[in-house]
Structure formats: structure tokens, C-alpha cells
Amino acid sequence: MVDENRFRRRIHEIRDRMNAQFHRLLNEDPPEEEQTALLDRFEMFRNASGGGPIRQRRCRVRTPRQITFKVSMLKSATICHCRSNRDFTPPCRVVVRRDLNEEQFKQALRVHFPDLPEDFELCKVNSQQQIVPLQLESFNPDQIHSRNALGRSALYIRPKVDPTSASLATGSGSHAAPTSASLATGSRSHAAPTSASLATGSRSHAAPTSASLATGSRSHAAPTSASLATGSGSHAAPTSASLATGSGSHAAPTSASLATGSGSHAAHTYTIPVEDFYIDSGSDIEEVLLASPVRNNSPILDRELPEILKDFCEDNLDFYSHITVIARRKNILKSACVALSRGYFEWHKTPNIEFVGEMAEDYGGPRREFFRLLMIELQSNLGIFEGKPGQLLFSYDQKALDENKFYTAGRLMAWSIIHNGPGIKCINKELFMLMCGQKPDLSTFDRTNFLENDLVEKLAKVVRCSTAEELTELKNSLGDWICDCGVPNIFTASVSDLTTVYGQLVTHYIYHRVASMIQQFTSGLNSCGRLWEVVVNNWRAFLPLFTTTRSPLTRHDIRDLFNIVWSSPGSNRRDLEEETVFQWECWLMLIQEEEVGISFEDVLVFVTAADSVPPLGFQQKCQVEFYDQEEPTRRIPYASTCALTLYLPRGVSEEEEFRELMLFAIKGSLGFGKV
């Protein structure tokens, strides 16, 4: 501030001196040369009236500042979560003046979105991918920008629900007047059809102009098209279509009224009489209505895992945005949990992994290493699994449930899978099938997977029971315990029923008892693009990611993964490379025969940072390249996990030397850029 005042004083001094010289030129008669020089100097400042060099202050016209918004329009008024890119239009840049009012701003949006309805709301997307309406006094650019209403989100336009377009009801009556058809199931229908009235399971009283088809049901109707009722009645004069199940339909929507055991009241409230709701116990559809649904794997969904994940990633991932994750190799699980807790974390962005103290740019290798180590720690260090390795069950741990550890595990696993990382590959197969709504055969379940010795002994008694006397003893000693496990029919069971009883006991302990833990785990999976729903619909394809169904790597698998980069045929280098490759092939044979302390998974980890081929495969085939040894030093083999390249020395002709080099390279690797 002091420098600015000093500068202003200096300007005023120069101006006063120039004015004094100009006035002296006008009032005195200086020499002609001095007069000419002064006139030349002041000519640019002279006013038309001859007032000297003092100029009028120019008023600078301030142009309104402009604001740029990234705007997308949601494709439906019912969208509450951004689950895929199909939910909204491609974003576009909208540049507007900051001083626009609300109406002018809406008009500017309509220029970019011609199909924008009259009634809409402005929203943003939070970190959980939820659509949140903006809470502002006025929706103008200045308010949105100055209050940082969007944060890091784009601006989303969501059409408001049109009450005259559709009515969705569940659990009561739907009051509407559609003009097309009324479909009801479980209620009565009163209408006057002009075409046909079709009823099944009730009586029909109508005056149709065309035909009335009734089969033991009652229909009082006069719809303009058709009234279809099944064990129900429909009270409507529909204008489009009214679909009701277990209710009466009384509505006047302009499009459709859909009700499933509930009601939609368009213009008024209406109480459905109790007699409108009934269940015909003699009906053969009662079992269909009341039975629990069993999920069957649709043949349409029998797709390969790479295809499923590729479609999922294209719909949900942002391949052009990245987030940085700092990882400490000694505590990968904590590093991942810290990353998830950050406000800037977004699962759909590509993670760039930086290992502390290691020199590596993440072009794929560090990311594969991070997710591989994370899935290993997730099995043992989080404390939510128990049982044999590779056959783990969920722990019955209320404290872990309260701490949301099961949710965290599901979220971390989903994060790994969607970024082409490994799955947990340790859950018991029968448990996974139960989680997906399937019915596995539990008669041969290995009871030693349970850690409680008392439970194992009780299950063993059930399995060993084979005679009527042993069954009587079993009912006396363990009948109450079996009944408490949800199998009350043990007291009326026969010896032939014990196989089913055993399966029900196993189901209780591995699934029903820990249902809350499983629900929290699957919620974590669903937090990333509803991944668990995809898993349930394609459970066979996801078996290798959740269970240990994948067979170990073989010598042929490793040979198929690698391409050898040879030198020119006939060259000296080619001869030396063939010597090394011969030892390489012999070394792979020794691994297969288990004569060295290295597995094929160790070799793959050394070259790619993954212990198995990722679900979407590698971005390219692995390569074997060569380098020359420089005497007297000896350089050990090394690898680039990002480039998927293994570098071997040329001219290694001794088997023992090659084995020693590879053992030291693989077992002595301490991280990226370390040996």
C-alpha cells in the first residue's frame, strides 16, 4: 500500500511539472527552439480547447464475468443414483454471463438442451453417486458459483415427475380412469367395456358392445377397450392402461396406472374396503404368490467374465480421470482404508498407486501389485473370515459388524475387481452359491471348516446316525439344539431325513446366522456401480473371483503367456540367446516337478505383479528380452511389470548358474526399484 501511494504522488508531481511548463509556454515568450520542443512534447496531450495535457479520466466499461458449467441432463425423472453413463446425456460446456438471473439462465440451458421440459430441477452428484437437488434461494450462475453449490460435481438437469404421466402403486388401490385396458389381479373389476371383458376366477356382469368372456369371475365394467381381471375386480374407466395386482384400480392417469398390491391416488384419497382383499385358499396359484422366489441363472446371462466386466467398466468407469493412492507395502490394508476415507476418493476413477520409498510410475504394474497384496491382507488382517484357507466363512462378529468392517471388505473387493484386479478367491463355494440365491448340495459339506470343536462333534453325530436307536438317542441329546437351529421337524424325522437335516444345519451356521454380515458385505460390493447385482445374475462366471475354483498355473500356461524377442538368425547374439532359453525351459520343467522352491505364480508375480491372469487379461503378451553381462560384474535378471517384460542375460549355459540367478532375482526382490 505504501508503494502504491508513493507511485501516485510521483505521477502527480510529473503532471504538475508538465502543466507548469505548458502554462509558461502560453503566458511567456520563450525562445523559438524551446517553444517548438515544448509544443511537440505536449501535442499528444492537447485538448481541443487548448487546456493542456491534463486528460479526462477514461471510464472503463466493465464486461460481465463469464462462468463455465459442465452440464448433463438426466434421462429420467426417477433417477436417484448415477449408476452408469446411460443415465444421463454426454456432458457439454455451457458458458454464461455471471449476472444472468434465474429465468435468463434457464433460457440459456434450453439453448443447449432443446428437449428440456418446462419443469425441471438443478442437481449435483455427491461422493456416493447420489443425485442431490441444489439448495439455493435463487438458481442463477452467481449464486451457484459463489456458494460453491456444485463442489467437484457437474451440473445435472433432472426433469420433475409429471403426475399425469404415470402412477406406480404397490399395496393398495389405484384410482384412475385409463382409456385402454384395465388389468387387475386379486381385486374386483367394475367397468363397461366397448370391446371385450375378460375375467378369470370371478363373475362378470357387463354390457359390452362386442363380447363378454367370463370364466367363473365377477366383472362390472364398461371400459372403452378391454378389462382383464384375474381373481379380482377392476373399478375404472381407463384412458390408457391400469395394471393392478392384489388391489382395485380407481384412477385417472393419462398414460398408465401400475399397481401391485398398493394404491396410487391421483386426485383424492379413497379407502378400499377390507372385502376387496382376499386370498382364495382353494386356488392353485396360492403357492405361486406366497412362495419365496428362487433365482435361476438365465441362459441370456450365461456370458464369459471378460465380456461382463468389459460392459460394466464401459458403463461405470471414467478412464480419463485418475486418483493418487499412497501405499505403504508393510500395511497395504490400512493404506487402502485411508484412501477410501478421503473426500476426494471416487471408485470409478483409475487409481495411480505410489509405493512409499519406491521408484515407480504406475502404468499398470504398481496397481496390480497393490490389489494383489490388498486381497491377501483382506483375508487375514481384517478379521471378518474364519475357516480353512481357500474355504473361508464369514465370522459371527457383532463388533466387526458395528464397525462396518464387512462393508469395507465388500467395497475394497469391488474396487479391485472393476479395475482389473483379483478377487478375494477364498470364500467357500457352497456359501457363495447360497449368497447368490442358489441351492447347493450340502450333504457332503466338510464340517471341519468350522472352528468350534463342539459344533463339529454335534454335526458328526448327525452324520454317523444310521439306525432307529441312534436316531432316538440323537433326538434326546441334540433335539433341542437342532430345533433352535431352525429345524423343528427333527422330532418327526426318520433316518432317511438326516441328510436333509444335516444340510439345513450347515445352512444355518454358514448363511442364516451371519445374514447381517453377508448383507453388509454385499452392500459394500453394491456401493460400486451395483456390482453385486451383476454378480448374482452371472454367478457362475464370477466363481473364480470369489472361490478357489481356478486351477494352479502350469508350465504350458507360462509358455503361452510369453513371447521371446530374438536377435537376427545366425548372429552371435542369437546363439547366446538360445543357450539362455534352453536353461529357461529346463528351469520351467523343474518348477513343474517341484524341484525348486519357486512356483509358477511366483514367476508371474515377478514379471507382471499379478499372481494370476487378470479377469480382463493383460494389455499385451509378456515378453522375454536379453541383455549382455559386463565383466567382471554379474547382473541378475530383472523385470518391468508395466511393460510385462522379463530380461535375461545372454549366454548362460550352466543349469546351476541359471537357477541361482533366477532364485536370487525372484526371492530377493524387495519392491519396485529395489533388490
Side-chain angles (χ1 to χ4, degrees), residues 1 3-4 57-162 165 313-325 339-352 527-529:
M1 189 67 183
D3 294 339
E4 183 178 352
R57 177 177 293 179
R58 285 187 279 177
C59 296
R60 185 172 59 185
V61 179
R62 294 183 177 270
T63 57
R65 292 177 57 186
Q66 293 181 333
I67 301 177
T68 302
F69 292 100
K70 185 179 178 181
V71 186
S72 294
M73 186 169 72
L74 299 174
K75 296 183 178 180
S76 172
T78 60
I79 296 177
C80 297
H81 287 77
C82 275
R83 298 172 180 170
S84 73
N85 295 335
R86 299 173 183 173
D87 293 338
F88 51 86
T89 61
C92 66
R93 291 168 55 88
V94 178
V95 182
V96 295
R97 290 170 41 176
R98 185 164 186 167
D99 59 347
L100 295 183
N101 58 32
E102 184 173 343
E103 290 301 324
Q104 292 172 334
F105 182 48
K106 290 183 177 180
Q107 188 61 33
L109 293 177
R110 288 191 175 93
V111 173
H112 293 79
F113 298 93
D115 298 333
L116 193 63
E118 287 295 329
D119 198 6
F120 62 88
E121 57 183 348
L122 301 180
C123 308
K124 67 176 181 179
V125 176
N126 62 15
S127 57
Q128 285 77 35
Q129 300 299 303
Q130 296 175 337
I131 306 296
V132 181
L134 300 183
Q135 303 294 331
L136 295 173
E137 298 176 358
S138 177
F139 297 96
N140 57 59
D142 183 64
Q143 285 278 331
I144 297 174
H145 181 75
S146 61
R147 299 199 176 187
N148 194 25
L150 296 176
R152 296 174 177 267
S153 171
L155 180 64
Y156 291 87
I157 304 173
R158 180 168 64 181
K160 290 189 176 180
V161 178
D162 186 0
S165 63
C313 293
E314 289 178 352
D315 291 341
N316 293 277
L317 296 190
D318 183 1
F319 298 100
Y320 303 101
S321 300
H322 299 79
I323 59 170
T324 301
V325 177
L340 259 65
S341 65
R342 300 301 186 191
Y344 58 80
F345 176 81
E346 295 182 4
W347 60 268
H348 56 86
K349 293 184 178 180
T350 303
N352 283 341
S527 66
C528 297

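For Phe345 against Ala339, the heavy-atom pair with the smallest separation is CB-O, 3.2 Å. Closest approach of Asp99 to Gln104, counting heavy atoms only: O-OE1, 4.4 Å. When all heavy atoms of Ser153 and Val125 are compared, the pair lying nearest together is OG-N, 3.0 Å. The two residues Val95 and Thr68 have their closest heavy-atom pair at CG2-OG1, 3.6 Å. Heavy-atom minimum distance, Lys75 versus Phe88: CE-O, 3.7 Å. What you find for Ala77 and Pro159 is that their closest heavy atoms are CB-O, 3.0 Å.
Under a cutoff of 6.0 Å and an axis angle of 45°, Lys349 and Tyr344 do not form a cation-pi pair.
Separating the CG atom in Leu150 from the SG atom in Cys123 is a distance of 10.5 Å, to the nearest 0.5 Å. To the nearest 0.5 Å, atoms CD (Gln143) and CG (Asn101) are separated by 12.0 Å. The CG atom of Asn140 sits 8.0 Å away from atom OG of Ser146, with the distance rounded to the nearest 0.5 Å. Atom CD of Glu121 and atom CG of Leu74 lie 9.0 Å apart (nearest 0.5 Å). From Leu116, atom CG reaches atom NZ of Lys106 across 9.5 Å, with rounding to the nearest 0.5 Å. Between the CG atom of Asp115 and the CD1 atom of Ile157 there is a distance of 11.5 Å, given to the nearest 0.5 Å.
Salt bridge present: Arg98 and Asp142 bring a charged side-chain N and a carboxylate O closer than 4.0 Å. Of the charged side-chain nitrogens involved, at least one lies within less than 4.0 Å of a carboxylate oxygen, so that Arg110 and Glu118 count as a salt-bridged pair.
Under the 30°/60° scheme for interplanar angles, the aromatic rings of Phe105 and Phe69 are found to be tilted.
Ser72 places a side-chain N or O within donor-acceptor distance of the main-chain N or O of Thr89, the cut-off being under 3.5 Å. Looking only at distances, a side-chain donor or acceptor of Arg158 sits under 3.5 Å from a matching main-chain atom of Ile79.
Within a 6.0 Å sphere centred on CZ of Phe319, other residues, nucleotides and ligands contribute more than 12 heavy atoms.
Remark: Phe139 engages no residue in a ring pair (Phe, Tyr, Trp, His ring centres under 6.0 Å) (not counting sequence neighbours).
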How far apart are the C-alpha atoms of Ser527 and Trp347, what are their side-chain angles, what is the distance that settles it, and do they pass the side-chain contact (heavy atoms from CB on, under 4.5 Å) test?
CA-CA 9 Å; Ser527 66; Trp347 60 268; over 6 Å; no
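For the pair Leu122 and Ile144, the minimum side-chain heavy-atom distance is below 4.5 Å. Tyr156 places none of its side-chain heavy atoms less than 4.5 Å from the side chain of Val71.
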Mind listing the side-chain donor-acceptor pairs of residues 130-137 below 3.5 Å, one per line with the distance, residues two or more places apart or on another chain?
{"residue": "Gln130", "atom": "OE1", "partner": "Asn126", "partner atom": "ND2", "Å": "3.1"}

